[in-house]
Number of protein chains: 2
Amino acid sequence: MASQRGEGETTTTPVEPADRERARAIPEAAVARLAVYLRVLSGMSDQGVTAVSSEELSQAAGVNAAKLRKDLSYIGSYGTRGVGYDVEVLVSHIERILGLTRSHSVAVVGIGNLGHALANYGGFPGRGFPVTALFDVDPDLIGIPVGGIPVNHIDEITEVCLEREVSIGVIATPPPAAQSVCDRLVSAGVQCILNFAPVVLQVPDNVEVRKVDLAVEMQILSFHVARRADEAAGVSAGIDSAGNNGLGVDGMVIRP
Amino acid sequence: MASQRGEGETTTTPVEPADRERARAIPEAAVARLAVYLRVLSGMSDQGVTAVSSEELSQAAGVNAAKLRKDLSYIGSYGTRGVGYDVEVLVSHIERILGLTRSHSVAVVGIGNLGHALANYGGFPGRGFPVTALFDVDPDLIGIPVGGIPVNHIDEITEVCLEREVSIGVIATPPPAAQSVCDRLVSAGVQCILNFAPVVLQVPDNVEVRKVDLAVEMQILSFHVARRADEAAGVSAGIDSAGNNGLGVDGMVIRP
DNA sequence: CCGACTTTGTGCATGCGTTCACAAGCGGTA
DNA sequence: TACCGCTTGTGAACGCATGCACAAAGTCGG
């Protein structure tokens with residue numbers, strides 16, 4: 001990196017302006033894939049692999065080789081033509097772009113089944129995401145340590161988040177509580193939220209929300225099951241004995 | 001539906017050929033949003049709302065109104081111009097397209113923290129996804145009921161899945177076991193897999209995989225934290241006392 | 001030192017998804 | 001019945017992401 005820039009910097013800023021522009025320009029979809037490449041690369045590194053070609057890496061990551069190269073080009077050109085990429089070099093540059101050189105303190109709100117699972121996830125895979133605060137409303141849970149962290153009451157969310165410099169909030173509450181919890185997190189200065197509650201959160205523009213919605217995932221799969229069934233029925237159209245083909249007769253189905 | 005078709009059918013198939021073509025044509029992204037609309041509509045229905053405009057619904061679902069109308073148009077035209085949509089009608093048509101008129105039997109593999117949480121999720125929100133089988137390798141878990149279902153040994157996966165007609169497999173195992181579990185599910189005839197393990201699964205073309213990857217989600221959020229920090233540093237470029245701006249000095253950081 | 005081979009990085013075309021803007025259609029009202 | 005205002009449904013333009021194909025650039029063997 002330091003070696004391959006050099007076009008006149010007019011500011012006195014010590015950080016690379018080019019990095020900021022680059023980071024801003026990376027497509028969202030590419031960011032998600034970079035995280036996958038990072039995991040694959042880390043695995044390779046652990047196994048002692050030191051070099052890798054775009055072809056190998058792309059196959060391990062389950063993507064097109066050209067796409068992988070384009071994704072990597074967003075963060076700079078760290079490959080060697082005719083050879084490939086140095087695993088360690090790629091790892092460190094992806095980590096830098098993803099902001100993993102800082103560790104991000106995480107708070108989990110809602111210590112039910114899912115909250116327990118998250119709190120015990122063990123510093124989050126690929127570490128750099130220490131869970132430093134847990135919240136719930138249930139008086140029986142307050143003070144109980146889960147995964148080594150004692151649970152605080154949700155009313156303390158602002159003070160605790162500020163004190164522990166929480167930068168990512170994870171919402172694992174029942175749906176009705178989610179928006180209220182979200183609002184409190186936001187007012188505590190949390191700007192990134194990972195939402196497991198099946199609710200569409202309303203947040204100000206400066207807050208980033210990502211949602212993980214199990215019901216939606218299941219329903220997408222269901223759609224594909226149905227599509228497949230339809231296709232199967234379509235291939236043997238009219239041959240299959242009438243009736244049982246995933247859609248109700250006439251396609252009209254009133255739910256019970 | 002039944003009332004608004006009628007253009008000459010040349011086959012003797014009782015299901016709508018138009019439905020199949022339509023379903024095939026729905027963009028993946030739209031399917032995911034349809035699931036969200038369905039949840040919002042169900043909520044409205046529960047609150048006694050019977051009619052809704054695209055504007056209202058789009059706001060509740062957090063999307064653009066035009067996009068919502070286009071999404072709904074993929075499944076047919078069930079609105080009334082000048083009025084809006086009937087909530088119940090939309091609900092039933094979205095359910096039909098998503099294949100929710102059949103219930104889809106779910107198997108969860110890997111009964112750790114996350115597996116427990118999933119098994120107890122209560123038939124999965126928005127129901128229609130009964131968990132009917134649980135698997136693990138730990139002998140201490142075999143036979144123990146979790147969420148009402150006794151845990152089977154993973155070696156029984158084929159028989160049990162076939163017997164209980166599992167159509168969706170959920171992988172919640174440690175990473176190293178995921179591919180092997182996936183292969184077993186596939187050979188047991190499961191064609192849809194929801195993967196929580198941070199691993200890129202290799203599957204045949206006829207199997208649909210969706211992955212939920214917490215580490216990737218966190219890293220995407222981390223990227224946005226870093227981008228924000230950079231922007232903040234950029235706005236006050238050079239004014240901010242040198243150093244602490246999310247990127248290491250010179251943008252070059254070697255991980256420990 | 002040179003030429004052949006390998007692999008990266010990227011310009012370009014293609015396709016998909018989103019957004020805009022408006023005509024078509026429907027209910028209400030006089 | 002005829003008009004008016006409202007909302008849907010969609011054609012068309014735009015923008016982003018993907019995939020291709022090739023030039024640039026490096027290594028290795030002779």
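Remember, predicted model here, so these are calculated numbers, not experimental data. Each chain gets a letter, A, B and so on, in the order the sequences are listed, and its residues count up from 1.
Between the CG atom of Leu90(B) and the C1' atom of dG9(D) there is a distance of 13 Å, given to the nearest Å. Look at OH on Tyr85(B): it is 14 Å from C1' on dC26(C), rounded to the nearest Å. Atoms OH (Tyr37(A)) and P (dT8(C)) sit 13 Å apart, rounded to a whole Å. The interatomic distance linking Leu68(A) (CG) with dG9(C) (P) rounds to 10 Å, in whole Å.
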Check your understanding: Just by protein heavy atoms under 4.0 Å, how would nucleotides 15-25 of chain C read 5' to 3' in B, S and -?
Key -> --SSBBB--BB
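At a cut-off of 3.5 Å, with distance as the only test, no side-chain donor of Thr101(B) or Glu95(B) sits close to an acceptor on the other residue.
In this structure, the side chain of Arg39(A) does not engage the main chain of Val216(B) through any donor-acceptor pair within 3.5 Å.
Considering only heavy atoms from C-beta on, His224(A) comes within 4.5 Å of Arg227(A) through its side chain. Between Leu57(A) and Tyr85(A), every side-chain heavy-atom pair lies at or beyond the 4.5 Å cut-off. Counting heavy atoms from C-beta outward, Val200(A) and Val63(B) have side chains that stay 4.5 Å or more apart.
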Check your understanding: Under the side-chain contact (heavy atoms from CB on, under 4.5 Å) criterion, do Leu221(B) and Glu217(B) qualify, and how do the steps go?
Key -> CA-CA 6 Å; Leu221(B) 286 173; Glu217(B) 296 297 330; 5.8 Å; no
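Residue Leu38(A) forms a side chain to side chain contact (heavy atoms under 4.5 Å, CB included) with just one option from Leu98(A), Ile97(A), Leu90(A), and that option is Leu98(A). Of the candidates Val89(B), Ile94(B), Val87(B), Val91(B) forms a side chain to side chain contact (heavy atoms under 4.5 Å, CB included) with just one, namely Val87(B).
At a non-hydrogen distance threshold of 4.0 Å, Ser53(A), Ser54(A) from residues 48-61 of chain A come into contact with DNA chain C.
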